[in-house]
Number of protein chains: 2
Amino acid sequence: MPVDVHKLKTVCSSCSLRELCLPAGLDQRELEQVERVVNRRRPIKRGDYLYRAGSELNSLYAIRTGFMKSCVLHDDGREQVAGFHMMGDLLGLDAISSNKHTCDAIALEDSEVCEIPFVVLERLSRDIPSLQQHFHRLMSREIVRDYGVMLLLGSMLAEERLAAFLLNLSQRFAARGYSSTEFNLRMTREEIGSYLGLKLETISRVLSRFQEEGLIEVQSKRIKIVNMGALRALIGQHDCH
Amino acid sequence: MPVDVHKLKTVCSSCSLRELCLPAGLDQRELEQVERVVNRRRPIKRGDYLYRAGSELNSLYAIRTGFMKSCVLHDDGREQVAGFHMMGDLLGLDAISSNKHTCDAIALEDSEVCEIPFVVLERLSRDIPSLQQHFHRLMSREIVRDYGVMLLLGSMLAEERLAAFLLNLSQRFAARGYSSTEFNLRMTREEIGSYLGLKLETISRVLSRFQEEGLIEVQSKRIKIVNMGALRALIGQHDCH
DNA sequence: TTGTTATTTTGATCTAGGTCAAAACCGATG
DNA sequence: CATCGGTTTTGACCTAGATCAAAATAACAA
C-alpha cells in the first residue's frame with residue numbers, strides 16, 4: 001500500500017507517536033517500515049493490565065490514548081508506583097535487560113496502545129540511524145526521569161513533592177496540547193502517595209493546604225492551578241544552612 | 001548510568017569491560033573494532049570529577065578500577081547521590097537524551113575509566129547486532145536499578161534500606177571476585193545517607209544496631225557481614241496488615 | 001432513583017527519623 | 001608523632017508525616 005509522506009505524518013501523529021516516528025528525517029521508505037511496525041493497536045480497559053511483572057518481553061508499547069501507571073512490586077506485597085504514563089509515552093523499556101517485565105503496567109482509564117514488537121524495532125533501528133538515535137534518547141530520557149524521582153523521594157518535603165508532581169503533570173498536559181492549568185487526575189490519592197513516597201492522607205492534607213493558600217483549586221479529582229509561580233517557588237526553597 | 005554484569009573473559013578483561021565486549025559472538029574483526037573504541041584510558045584522582053552536570057556528552061565511561069558516585073543536583077544546592085559505581089559499570093547513559101550530562105560523576109578513590117566516544121559506539125552498534133543488543137540491555141538494566149531505588153526510597157524503613165544497600169554491595173563485590181562478606185565502604189555515612197534518603201546519624205545508628213544484633217561487624221569503613229541470612233530477612237518483612 | 005462500595009477529607013495521636021550538640025576517632029600532613 | 005580537619009558515634013530532644021478513626025463525598029450498578 002503506497003503512502004505519501006504527508007499522510008504518514010498524519011497517521012503517526014494520530015497515533016500520538018510523535019515520540020517514535022517523527023523526529024529527524026526519515027525518508028519515504030523508512031517511514032513505511034516504521035509505520036508497519038507500529039500499527040498494531042490494542043485497547044486496554046480501565047483496571048486491566050497491559051503487562052505484568054515477570055511476563056516475557058514481546059513488545060514495547062506506546063500509549064495512543066488514555067492513562068496508565070507502572071508499579072514495582074516488593075516480595076511482601078508492598079507496591080510502589082514507579083510512574084504515570086500518558087499519550088505518547090513508551091512503556092516496557094525496563095524489560096529489555098532480562099527479557100522479562102519487571103513491573104506491572106495498569107490502565108487508569110480506558111486506553112489504547114500501539115504495540116511495537118521489540119525485535120522488529122531493534123532490527124529497524126540498525127537500518128535507520130535516526131530511529132536508533134531516537135530510541136537511545138528515549139531510554140536515556142527514562143533514566144533522567146528516574147533520577148528526578150530519586151531526588152524527589154530522597155530529599156524533598158511533602159509539599160515540595162506534591163508541587164513537583166502537579167507541575168510535572170501540568171507540563172506534560174501542556175506538551176500534548178491540553179490545558180496546563182486545569183486537568184483532572186486519573187489516579188487516586190493513594191496512587192499519588194505511592195509514587196511520592198507519602199500516605200494518602202498526607203496527599204489529601206497537602207492538597208487542602210495548597211487550596212487554602214490559594215495555589216490551586218481542588219474538587220476531588222479536578223485540579224485547577226491558580227498560582228503556578230508560587231507552586232514553582234515551593235520547590236527547592238528548602239532553607240539550607 | 002551505572003550497571004553491573006558478571007560474565008566476562010579474556011579479551012576485554014584487560015580493560016575490565018566485560019560489560020561492553022563479550023556477550024554473544026563477536027568475531028575477530030568485530031572484537032578488534034570494539035577494542036579500538038574502548039581503548040582510551042583515563043585516570044581520575046580521588047575527589048575529581050569525571051564529568052559535571054551540564055557538560056556536553058562526548059563519551060560514555062566504563063570503570064576499570066576504583067569507585068565513583070553520581071549525584072543529581074537540585075537548584076538550591078541540595079544534592080542526591082543517585083548511585084555508586086565500581087569496576088565494570090558504565091557511566092553517562094543519562095546524558096544521551098539531551099547530549100548533556102544531568103549529574104556529576106565523582107571519584108571516591110583513585111580510579112581509572114575507559115572512555116568510549118558515544119558516536120563511535122552508536123555507529124559500531126549498528127554494524128554489530130550483538131553489541132547493539134548488549135548496549136540496549138545495559139540501558140535497560142540501569143532503568144531496572146532505578147526502579148529498585150525508587151522502591152527503596154518510597155516504601156522501605158531505614159533498617160531495610162541499609163540492609164538492602166549492604167546486600168547489594170556484597171553481591172556486586174562477589175560478582176567481581178571479591179569477598180561478599182568483608183569489604184570496605186568507599187563512601188562516607190553522609191553519602192550513604194544521601195543515596196538512601198536518610199541522614200548520616202541515622203546510618204551510623206542503624207549500623208551500630210546491626211552490630212549489636214550480630215548481623216555485621218563495623219569499624220568505621222570496614223564492614224564484615226556476619227549473618228547474611230538475617231540481613232536478607234530484614235528486607236520485606238514489614239508487617240502488612 | 002437507591003443502595004453499595006471506593007475514595008476523600010479531617011481530626012487526634014503517635015513515632016521513625018531528623019536536628020542539635022558534643023565527644024571520640026581517624027587519617028593525612030608538616 | 002603531634003596536629004588539624006574531616007568523619008563517626010552517641011545522646012537528648014523535636015517534628016514531619018504516619019497511623020488510627022470516623023465522617024463526608026463521589027462513583028456506580030441495579
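The basis for the numbers below is simple: all heavy atoms, side chains too, and nothing from hydrogens, waters or symmetry mates. This is a predicted model, so every value here is computed, not measured. So you know, we letter chains A, B, ... as the sequences are listed, proteins then strands, and number each from 1.
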- Item | Residues A:Ser70 and A:His85: side-chain donor-acceptor under 3.5 angstrom | yes
- NA contact type, B:Leu198, heavy-atom cut-off 4.0 Å: base, sugar-phosphate, or nothing? sugar-phosphate
- Query: Just how far, in rounded Å, is P of C:dT9 from CD of A:Gln219?
  - Reply: 11 Å
- Starting at the 5' end of DNA chain D and moving along, which residue's nearest nucleotide shows up first, B:Ser204 or A:Glu201? B:Ser204
- Atom-to-atom span, CG of A:Leu207 to P of C:dT9 - whole angstrom: 7 Å
- Task: Scan B:Thr188 against the nucleic acid and name what it touches under 4.0 Å (heavy atoms): base, sugar-phosphate only, or nothing.
- Result: sugar-phosphate
- Task: Starting from P on C:dT19, measure out to CD1 on B:Ile203 and report it in whole angstrom.
- Result: 13 Å
- Atom-pair distance (CZ on B:Arg209; P on D:dT9), nearest Å: 13 Å
- Message: Is there a side-chain contact between B:Arg189 and the phosphate of D:dT7, meaning an N or O under 4.0 Å from OP1 or OP2?
- Response: no
Donor-acceptor pairs under 3.5 angstrom involving side-chain atoms of residues 51-63 of chain A: please list them, not counting sequence neighbours.
residue, atom, partner, partner atom, Å
A:Tyr51, OH, A:Gly92, N, 3.3
A:Ser55, OG, A:Arg52, O, 2.6
A:Ser59, OG, A:Glu115, OE2, 3.3

- Query: For B:Leu200 and D:dT7, what is the distance between atoms CG and P respectively, to the nearest whole Å?
  - Reply: 10 Å
- Task: Would you classify A:Thr202 as touching base, sugar-phosphate or nothing, given that sugar-phosphate means primed atoms plus P, OP1 and OP2, and contacts are heavy atoms under 4.0 Å?
- Result: sugar-phosphate
- Polar pair under 3.5 Å, donor/acceptor by atom type, side chain B:Arg205, base C:dT19: yes
- DNA chain D: 5'-proximal contact among A:Gly197 and A:Ser220 (nearest heavy atom): A:Gly197
- Query: In whole Å, what is the span from the CZ atom of A:Arg46 to the C1' atom of C:dT7?
  - Reply: 11 Å
- Message: Taking the minimum atom-to-atom distance to the side chain of B:Ser208, which one of D:dT9, D:dG17, C:dT7 wins?
- Response: D:dT9
- Query: How close or far is atom P of D:dA18 from atom CD of A:Glu190, stated in whole angstroms?
  - Reply: 12 Å
- Task: To the nearest 0.5 Å, tell me how far B:Phe183 CZ sits from B:Arg222 CZ.
- Result: 9.0 Å
- Task: Evaluate whether atom CZ of B:Arg40 has more than 12 neighbouring non-hydrogen atoms of other residues, nucleotides or ligands under 6.0 angstrom away.
- Result: no
- Note on the structure: Here the distance between atom C1' of C:dT15 and atom CD of B:Glu159, to the nearest Å, is 14 Å
- Mind listing the closest non-hydrogen atom pair of B:Gln80 and B:Ser194 along with its distance? NE2-O, 3.1 Å
- Side-chain donor or acceptor of B:Arg161 under 3.5 Å from a matching atom on the base of C:dG17? no
- Tell me which nucleotide among C:dT8, D:dA18, D:dT8 gets nearest to the side chain of A:Lys199. D:dA18
